[in-house]
S.K.: 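I'd like to ask some things about the structure below.
Sequence lines set the chain letters: A, B, ... in the order given, protein chains first and strands last, and positions in each chain run from 1.
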Amino acid sequence: MSAYNTIAFKPEHCDGCNACMTACATAKAGSADIINSRIQIVADGDSFELAMCRQCGDPKCVANCPAAALSKDDADGVIEWDGSKCVNCLLCTVGCAFGGIVYNAAAGHVVKCDSCGGDPACVKACERGALTYLTTANIYNEVGDLEDLFVPGLAGCQGCNTELIMRHTMRRIGPDTVLATPPGCIPGMGSVGYNGLTGTKVPVFHPLLTNTASMLTGVKRHYKRQGREVNAVALAGDGGASDVGFQSLSGAAERGEQILFICVDNEGYMNTGMQRSSCTPFGAWTSTTPVGERGAGKTQDAKNMPLLMMMHNCEYVATASTAFMEDLYDKLDKAIAASKRGFAYLHIYSPCTTGWRFPSQENIEVARKAVEANFVMLWEFNPRDGLKLTRDVDNALSIDEYLMALGKYRHLSGDQVAHIQATVEKNVGFIKGLAEGRHPAMAQAMSGRA
Amino acid sequence: MTQTEYLIVGASHAALSALQAIRMQDAEGSITMVTRDDALPYSPTVLPYVVSGRSAPERVALKDGAWFEQHKVGFIRGAAVTALDAAAKRAKLSSGEEIAYGKLLLATGAAPILPPVPGLKDVKFHVLRSLDDAVKLNKALPNTKQAVVLGAGLVGMHAAENLAKAGAAVTVVEMQPRVLAGYFDAEASSIIEAAFAAKGVKLMLGAKVSRCETAGQGVRVATDGDAALDADLLLVAAGVAPVTDFLAGSGVAIDRGVLVDDTMRSSADGIWAAGDVAQAKGFYDEAKTLNGILPSAVEQGRIAGMAMAGDPAVKPWPGGVPLNTYTFFGQQAVSVGSQDAGEVVRKEADAKHYLKIVMQDNRLTGIFGINVPFDPGVMWELILRRIDLAPVREAFIADPQKTARSIMSKTWR
Ligand SMILES: Cc1cc2nc3c(=O)[nH]c(=O)nc-3n(C[C@H](O)[C@H](O)[C@H](O)COP(=O)(O)OP(=O)(O)OC[C@H]3O[C@@H](n4cnc5c(N)ncnc54)[C@H](O)[C@@H]3O)c2cc1C
Ligand code: SF4
Ligand code: SF4
């Protein structure tokens with residue numbers, strides 16, 4: 001069974017302009033009359049609702065069709081209508097509880113969305129981002145059969161994002177890998193193993209927090225000398241990467257070692273009891289930045305690790321989030337390729353259910369909100385093209401929506417929120433400046449490793 | 001003797017829908033499907049179009065051999081189940097073969113009933129339920145100048161339209177005072193009747209056939225109004241009854257159809273029934289009734305399949321809602337729900353359009369339209385969920401399609 005692409009609707013971005021309906025009617029019926037549109041936006045007071053074909057997995061319109069005129073295409077998941085078989089009985093419209101297949105008087109038969117062969121006209125016409133074409137299914141289809149390189153039953157917390165990151169990344173990177181997992185949640189949940197057995201199906205070692213990148217350098221150089229091509233990969237927490245491990249990391253980056261260093265950023269030392277790190281954001285509760293009579297969370301801003309790494313002029317630097325998997329996979333591929341030429345650094349945000357205090361089933365939603373509120377920006381860098389945003393930072397969600405989703409910010413005062421808001425705005429301005437090549441820092445980075 | 005974990009008798013909507021539900025839960029358990037038709041699975045509903053020639057018989061198959069192979073199903077066609085030993089869990093086929101099963105689904109549907117008209121058994125007449133029936137009718141079309149159709153239900157009306165389109169002079173004789181009485185009220189039916197009259201189809205409503213006799217190559221049909229109709233083709237479409245004859249003495253409880261509970265389980269151990277053959281509870285009234293429509297067969301088949309395979313996600317049968325869609329001479333009639341399970345909150349009709357909405361306690365109980373667009377599937381769901389329409393009552397009555405879509409998008413998208 002395959003996974004399929006789908007059209008997603010975000011009513012909060014819709015303003016009822018009807019551009020999608022006009023586009024669909026034009027594409028499918030050659031007339032701009034929206035009655036012919038296969039997608040129907042329904043105004044309901046100030047908000048907007050949607051009626052269209054969901055391309056169901058177990059479609060009732062198909063089961064109801066007495067003429068075998070409807071069928072689900074195994075390859076693209078689209079429910080196809082065959083006009084040469086249809087007898088106009090309308091029983092499909094009884095089966096569909098979504099208003100996705102309807103009788104069209106002008107056509108004289110039922111009509112439904114056909115996904116425009118994978119290039120939906122409605123989505124292209126939507127300028128407000130209310131309609132998007134989700135192609136994430138491709139990932140499942142492409143990598144679903146690849147081997148998971150961690151054993152089942154790793155002892156992560158319920159709903160752990162880091163475990164997802166580990167499994168996804170290693171599945172993609174593949175078995176020809178030597179893996180370094182410095183102290184943190186990653187070895188903590190069992191990837192380096194217990195009692196003489198490892199939890200990883202590739203050679204793995206457990207360096208000190210301080211020397212991850214140096215040890216990996218040695219391993220990689222050793223294999224190179226032997227003439228063997230292996231991926232040298234670190235899966236490290238933000239604490240190890242940004243605090244005591246920074247010296248060795250910075251050194252390896254500066255030397256251009258052929259390593260892929262993945263920083264899994266859960267904004268603190270979570271496995272040892274949720275202490276703050278230099279990546280913990282301003283205002284956040286941790287066990288060492290407590291909230292009480294005097295304390296009100298962390299009083300310093302987070303260190304911007306990915307920007308620091310970019311300033312090393314690495315072969316590749318990028319930020320990523322598990323809420324945007326296509327983007328993540330794309331960057332992973334580029335990072336793997338770059339690590340054959342030089343140093344690659346991938347910074348992946350990993351909301352922590354335990355340390356950030358939110359319900360375990362909401363992890364991906366939290367990750368998504370962080371990005372949508374610009375708390376986290378998705379971008380990539382290489383020395384030739386400079387920094388490029390991979391997701392638009394305009395039309396951001398309010399920062400409150402993100403902060404309010406997390407227990408670690410529950411105590412925030414108005415002043416603290418204002419500070420965070422200002423920091424986000426400053427960061428957005430800075431990154432946008434870099435992306436547009438306006439910033440002097442960019443010019444310097446762009447000048448290459450002179 | 002063949003051994004099978006699941007035995008499905010019938011190969012139409014209820015049967016196929018059950019099969020698919022079983023395979024969702026149980027990928028390997030052996031399945032055998034038996035049908036008395038010597039054909040790949042097809043739907044009775046498509047037959048009027050086979051009669052008219054619009055659908056070629058070889059293009060109406062719902063599934064093919066490859067599909068059965070892919071779903072690991074043994075498909076036996078052209079063999080009827082003739083007897084059942086429920087205690088020993090064995091079924092006997094007309095081919096002489098015996099099948100031992102673990103679980104059995106009865107999806108044998110319904111078959112035409114013949115009204116007790118004197119002389120009917122001795123004349124040549126057609127019925128329309130199987131592919132063979134349809135092919136025979138199709139072959140008879142070119143030589144038909146005068147046709148008489150007994151019954152103005154869905155089958156009779158579909159057939160009458162196609163006979164008329166093929167150039168025959170058609171008379172429909174119906175006991176009820178209007179056509180499609182099960183789905184439409186007098187005003188709605190009159191729009192449909194007018195369309196038939198305009199095409200030259202003669203409707204004799206409130207009339208009863210008193211006898212039939214052979215007259216030359218054809219048939220003479222006499223009504224109790226003393227009319228005598230000569231026909232070279234007689235189609236009997238006076239209703240259907242569940243196919244249960246082979247269950248005699250099996251111990252499976254039968255009233256008008258096989259009595260089933262909310263997961264389509266019959267009174268006998270390991271036996272389920274779904275579709276036109278089953279008698280399950282109604283939605284408006286808990287009493288068990290027949291609800292011989294295609295969407296119910298699909299739904300009941302799915303529930304039965306899930307129950308048979310032990311799928312924990314099975315949800316009980318919510319009760320049968322009468323509903324149908326009916327296209328006639330390019331016009332669309334849709335009937336969802338009950339005419340009289342509430343008060344009429346909107347009703348309007350002109351020569352070409354009709355809309356009636358019935359509600360009870362601000363909940364939709366029925367909606368009926370001719371050439372007025374709304375989504376029957378969405379309306380059905382509104383009825384089943386008993387959604388309180390009080391907050392949008394006026395909007396719903398004014399524009400049911402748009403309001404229902406909006407509720408759908410908010411409630412079960
Ligand atoms: C002309 C016509 C038009 C119709 N139009 C509509 C419509 O517009 N809308 C609507 O909702 N419904 C319509 N119907 C009704 C609809 O077709 C049925 O409700 C539906 O087909 C029921 O499906 P089922 O699977 O329960 O039974 P059926 O479709 O009747 O299938 C029964 C199956 O059982 C098999 N079988 C029977 N006895 C035996 C036996 N002893 N051994 C082995 N196999 C056996 C048959 O070969 C067949 O495969 C129409 C019916 C007809 C005839
Ligand atoms: S209207 Fe056409 S596609 Fe829909 S159920 Fe009837 S025959 Fe099938
Ligand atoms: S994908 Fe194409 S057919 Fe479907 S609603 Fe959009 S424009 Fe219409």
Side-chain angles (χ1 to χ4, degrees), chain A residues 1 8-9 11 14 35 39-45 47-54 56-72 74 82-112, chain B residues 12-13 16-17 20-21 24 41-49 52 54-56 59-63 158 293-295 297-299 301-302 323-327 330 332-334 336 371 373-382 384 392 395 401-410 412-413:
Chain A
M1 205 141 98
F9 177 57
C14 179
I35 194 154
I39 180 169
Q40 289 290 330
I41 303 289
V42 188
D44 183 24
S47 65
F48 297 94
E49 300 294 341
L50 172 80
M52 78 182 294
C53 176
R54 264 68 169 166
C56 297
D58 185 13
K60 273 210 248 173
C61 58
V62 175
N64 270 11
C65 180
L70 291 166
S71 57
K72 187 170 176 75
D74 274 347
D82 180 346
S84 74
K85 288 186 169 177
C86 176
V87 296
N88 260 340
C89 68
L90 307 185
L91 282 165
C92 47
T93 68
V94 176
C96 180
F98 301 102
I101 182 160
V102 293
Y103 180 76
N104 181 288
H109 54 71
V110 292
V111 298
K112 68 178 293 299
Chain B
S12 178
H13 290 286
L16 292 170
S17 164
Q20 229 145 343
M24 289 261 181
Y42 64 87
S43 171
T45 302
V46 82
L47 298 177
Y49 307 93
S52 72
R54 174 161 171 177
S55 304
R59 291 197 80 215
V60 298
L62 297 173
K63 305 289 172 201
H158 273 301
I293 53 171
L294 190 156
V298 167
E299 210 53 37
R302 197 164 53 90
L323 41 86
N324 233 309
T325 51
Y326 173 57
T327 37
Q332 288 74 39
V334 176
V336 184
N371 300 324
F374 57 81
D375 306 307
V378 177
M379 297 300 173
W380 187 12
E381 198 67 25
L382 273 186
L384 288 180
V392 293
Q401 181 182 45
K402 180 171 164 261
T403 312
R405 283 179 175 177
S406 176
I407 294 167
M408 169 278 290
S409 174
K410 274 188 284 210
W412 65 83
R413 72 159 156 221

S.K.: Would a distance-only check, ignoring hydrogens and angles, find a side-chain to backbone donor-acceptor pair under 3.5 Å from Trp412(B) to Ala97(A)?
M.R.: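 Side chain of Trp412(B) to backbone of Ala97(A), a donor-acceptor pair under 3.5 Å: yes, one is there.
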
S.K.: Look only at the side chain of Thr327(B) and the backbone of Cys89(A), and say whether a donor-acceptor pair between them is shorter than 3.5 Å.
M.R.: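 Looks like no, no N/O pair under 3.5 Å.
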
S.K.: Is there a side-chain contact between His158(B) and Val87(A), using heavy atoms and a 4.5 Å cut-off?
M.R.: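 No, every pair of side-chain atoms sits at 4.5 Å or beyond.
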
S.K.: If you define the side chain from C-beta out and look only at heavy atoms, does anything of Leu91(A) sit under 4.5 Å from Thr45(B)?
M.R.: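 Leu91(A) reaches Thr45(B) side chain to side chain.
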
S.K.: Just give me the residue among Ala43(A), Pro66(A), Ala69(A), Ala68(A) that pairs up with chain B most often, heavy atom to heavy atom, under 4.5 Å.
M.R.: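 The candidate making the most pairs under 4.5 Å is Pro66(A).
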
S.K.: Using non-hydrogen atoms and a 4.5 Å limit, figure out which bit of Met24(B) sits close to chain A: side chain, backbone, both or neither.
M.R.: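 For Met24(B), side-chain heavy atoms alone lie under 4.5 Å from chain A.
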
S.K.: Is Gln20(B) close to chain A through its backbone or its side chain, or both, or neither, when contacts mean heavy atoms under 4.5 Å?
M.R.: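 It is neither, since no heavy atom gets under 4.5 Å.
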
S.K.: When rounded to the nearest 0.5 angstrom, what distance separates CZ in Arg54(B) from CG in Asn88(A)?
M.R.: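 Separation between the atoms: 5.0 Å.
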
S.K.: Quick one: what part of Phe98(A) sits under 4.5 Å from any heavy atom of chain B, side chain, backbone, both or neither?
M.R.: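 Contact with chain B: backbone and side chain both.
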
S.K.: For each of Val62(A), Val42(A), Thr93(A), tally heavy-atom pairs with chain B at distances under 4.5 Å, and name the one with the top tally.
M.R.: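 So the answer, after comparing Val62(A), Val42(A), Thr93(A), is Thr93(A).
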
S.K.: Answer yes or no: is there a donor N or O on one side and an acceptor on the other, between the side chain of His13(B) and the main chain of Ala63(A), under 3.5 Å?
M.R.: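 Yes.
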
S.K.: Given a strict heavy-atom distance threshold of 4.5 Å, which part of Ser17(B) is in contact with chain A: side chain, backbone, both, or neither?
M.R.: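 No part of it gets close to chain A.
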
S.K.: Would Asp82(A) and Arg59(B) count as a side-chain contact (heavy atoms from CB on, under 4.5 Å) here? Give the steps.
M.R.: CA-CA 12 Å; Asp82(A) 180 346; Arg59(B) 291 197 80 215; 3.8 Å; yes

S.K.: By a 4.5 Å heavy-atom criterion (distance strictly below it), what part of Ser71(A) contacts chain B: side chain, backbone, both, or neither?
M.R.: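 For Ser71(A), no heavy atom lies under 4.5 Å from chain B.
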
S.K.: When only pairs under 4.5 Å are counted, which of Gln332(B), Glu299(B), Lys63(B), Glu381(B) shares the most heavy-atom pairs with chain A?
M.R.: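 With the most close heavy-atom pairs to chain A, the winner is Gln332(B).
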
S.K.: Which atoms of Asn324(B) are under 4.5 Å from chain A, going by heavy atoms: the side chain, the backbone, both sets, or neither?
M.R.: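 Side chain of Asn324(B) only, per the 4.5 Å heavy-atom cut-off to chain A.
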
S.K.: Going through the checks in order, is the side-chain contact (heavy atoms from CB on, under 4.5 Å) test met by Arg302(B) and Asp58(A)?
M.R.: CA-CA 11 Å; Arg302(B) 197 164 53 90; Asp58(A) 185 13; 4.2 Å; yes

S.K.: Indicate yes or no: at least one non-hydrogen side-chain atom of Leu50(A) is less than 4.5 angstrom from one of Arg405(B).
M.R.: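 Side chain of Leu50(A) against side chain of Arg405(B), heavy atoms only: no contact under 4.5 Å found.
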
S.K.: Output the option from Lys85(A), Glu49(A), Arg54(A) having the highest count of non-hydrogen pairs under 4.5 Å with chain B.
M.R.: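 With the most close heavy-atom pairs to chain B, the winner is Glu49(A).
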
S.K.: Heavy-atom cut-off 4.5 Å, strictly under: side chain, backbone, both or neither for Val102(A) against chain B?
M.R.: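 Answer is side chain: those atoms of Val102(A) sit under 4.5 Å from chain B.
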
S.K.: Against chain A, label Ala61(B) side chain, backbone, both or neither, depending on which of its atoms sit under 4.5 Å from a heavy atom there.
M.R.: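 For Ala61(B), the backbone is the part near chain A, not the side chain.
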
S.K.: Given the options Val336(B), Asp375(B), Leu323(B), which has more heavy-atom pairs under 4.5 Å with chain A than any of the others?
M.R.: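 The candidate making the most pairs under 4.5 Å is Asp375(B).
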
S.K.: CH2/Trp380(B) to SG/Cys96(A) distance, rounded to the nearest 0.5 angstrom?
M.R.: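 Rounded to the nearest 0.5 Å, the CH2-SG separation comes out at 12.0 Å.
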
S.K.: Are Lys60(A) and Pro295(B) close enough that some pair of their side-chain heavy atoms sits under 4.5 Å apart?
M.R.: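 With C-beta onward as the side chain, the pair stays apart.
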
S.K.: Between Gly99(A) and Val378(B), which heavy-atom pair has the shortest distance, and what is it?
M.R.: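 Of all heavy-atom pairs spanning Gly99(A) and Val378(B), the closest is N-CG2, 3.6 Å.
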
S.K.: So which part of Cys92(A) gets closer than 4.5 Å to some heavy atom of chain B, the side chain, the backbone, both or neither?
M.R.: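 Neither part; nothing is under 4.5 Å.
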
